[in-house]
Amino acid sequence: MPELPEVESARSVIDRGGLHRTIIGVDDSDTWECRPHLPGEIRDALVGHRLTAAHRRGKSIWCDVGGDGSPTLGIHLGMSGRILVSGPGGTAEGGDYQGTGRRADPARRREEWFRFTLEFEDGGALRLLDPRRLGRVRLDPDVDALGPDAAEVGREEFRERVGRGRLPVKARLLDQSSIAGVGNLLADEVLWRARLDPRRPAGELSVEELDGLRRQVRAAVRSAIRHGGVHTLEVVAHRGPSGHCPRCGAEMRRATVGGRTTWFCPREQV
DNA sequence: ACACGTGTTATGCG
DNA sequence: TCGCATAACACGTG
């Protein structure tokens with residue numbers, strides 16, 4: 001289930017393999033995945049055209065489509081979405097979150113889990129694999145409602161957008177309209193790195209604490225992109241009932257913050 | 001059988 | 001209208 005780093009890998013797969021190939025067919029028959037569109041609407045907007053660019057902000061992807069007045073094609077992977085692009089050069093895949101072992105497992109690619117397909121003139125295809133069906137494909141998605149990308153957000157902007165309100169700082173990080181791209185695991189990781197209690201009201205953090213948090217957000221995102229996803233991050237591997245803090249060895253504690261399961265080090269995160 | 005989940009969104013309340 | 005909390009969404013997994 002993708003967070004920003006996995007979504008970036010999916011965007012990259014489209015960018016490297018899915019552009020400038022003429023679309024001759026679209027399977028948009030899954031009315032849940034393609035809501036609120038009716039079957040055929042997305043197809044009619046895309047057939048005969050090509051994707052010309054793949055963009056990302058936070059966890060949202062959108063592709064430019066060639067042709068005057070063409071809408072953009074929005075893709076959100078939800079919690080279980082992955083993108084597969086096939087063509088003359090083989091198949092590339094992005095958006096995976098569990099690591100290469102699971103990526104290769106054919107049992108995780110049942111045909112009925114493919115919820116959306118673009119067929120290209122050259123015989124290849126771009127497909128969205130989404131077992132849980134919480135992803136979404138739509139035309140002209142509204143990405144302006146998202147906050148600045150978590151990997152790009154500036155210091156001043158971070159202070160203003162994250163360091164406000166009574167909401168627990170973890171819940172604020174998860175709010176995509178404040179900053180975009182941080183999910184549950186990444187939030188636990190960056191708060192652990194910054195040694196901040198996830199339950200602290202965001203507006204009570206000092207400027208120094210906010211700057212430190214931003215630094216860890218950027219560092220963790222970069223690390224996860226480079227190493228293959230959020231599951232490669234240090235503290236993510238220590239989630240669970242028997243997990244211990246990789247720094248001090250204290251038993252990690254479980255809580256619910258912002259409606260999500262949260263693990264943190266009760267000794268260091270204050 | 002049953003609880004849980006790496007994400008979003010509609011709804012309701014003060 | 002805003003800030004926030006909660007349930008709901010659909011479906012696989014342990």
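The chains referred to below are lettered A, B, ... by the order of the sequence lines, with proteins before strands, and numbering in each begins at 1.
A donor-acceptor contact closer than 3.5 angstrom is absent between the side chains of A/Arg239 and A/Thr261. Checking A/Arg16 against A/Ser12 by side-chain atom types alone, a donor-acceptor pair falls below 3.5 Å.
Here CG of A/Leu146 is found 4.5 Å from OG of A/Ser60. Values are rounded to the nearest 0.5 Å. A/Ser70 OG to A/Asp64 CG: the interatomic distance, rounded to the nearest 0.5 Å, is 10.0 Å. Here the CE-NE2 distance, from A/Met252 to A/His238, works out to 8.5 Å after rounding to the nearest 0.5 Å. To the nearest 0.5 Å, atoms CG (A/Leu46) and CG (A/Asp28) are separated by 8.5 Å. Rounded to the nearest 0.5 Å, atoms CD (A/Gln269) and CZ (A/Arg200) are 11.0 Å apart. To the nearest 0.5 Å, atom CD1 of residue A/Ile42 and atom NE2 of residue A/His37 are 4.5 Å apart.
Between A/Glu8 and the choices A/Arg226, A/Arg222, A/Arg57, A/Arg56, the salt bridge (charged side-chain N to carboxylate O under 4.0 Å, His left out) rule is met once, by A/Arg56. With A/Arg193 as the fixed residue, the side chain to side chain contact (heavy atoms under 4.5 Å, CB included) test singles out one of A/Val235, A/Leu213, A/Leu233: A/Leu233.
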* Asked: How does protein contact run along nucleotides 4-11 of chain C, one letter per nucleotide 5' to 3', with B for base contact, S for sugar-phosphate only, - for none, heavy atoms under 4.0 Å?
  -> SS---BBB
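The ring-ring contact (aromatic ring centres under 6.0 Å, His included) search around A/His227 returns none, not counting sequence neighbours.
In DNA chain B, runs of at least 3 consecutive Watson-Crick or G-U pairs, each pair with both distances below 3.5 Å, span B:2-5 with C:11-14, B:7-14 with C:2-9.
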When the side chains of residues 115-128 of chain A are checked against the rest of the protein, which donor-acceptor pairs come out under 3.5 Å, sequence neighbours left out?
| residue | atom | partner | partner atom | Å |
| --- | --- | --- | --- | --- |
| A/Arg115 | NE | A/Asp130 | O | 2.8 |
| A/Arg115 | NH1 | A/Glu112 | O | 3.2 |
| A/Arg115 | NH2 | A/Asp130 | O | 3.3 |
| A/Arg115 | NH2 | A/Pro131 | O | 2.9 |
| A/Asp122 | OD1 | A/Arg21 | NH2 | 3.0 |
| A/Asp122 | OD1 | A/Gly124 | N | 2.8 |
| A/Asp122 | OD2 | A/Arg21 | NE | 2.8 |
| A/Asp122 | OD2 | A/Arg21 | NH2 | 3.2 |
| A/Arg127 | NH1 | A/Glu111 | OE2 | 3.1 |

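Interface residues of residues 175-184 of chain A facing DNA chain B, ordered by number: A/Gln176, A/Gly183, A/Asn184; criterion, heavy-atom separation under 4.0 Å.
A sub-4.0 Å separation between OP1 or OP2 of B/dG7 and a side-chain N or O of A/His76 is absent.
For the pair A/Arg133 and A/Trp113, the NZ or CZ position fails the cation-pi test of under 6.0 Å to the six-membered ring centre and within 45 degrees of the ring normal.
Rounding to whole angstrom units, CG of residue A/Leu173 and C1' of B/dG7 are separated by 15 Å.
When the P atom is compared between B/dT11 and C/dA10, the two are found 14 Å apart, to the nearest whole Å.
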What protein N or O atoms touch nucleotides 12-14 of chain B N or O atoms at under 3.5 angstrom, if any, and at what distances?
none

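The residue A/Arg138 sits apart from the nucleic acid: no heavy atom pair falls under 4.0 Å.
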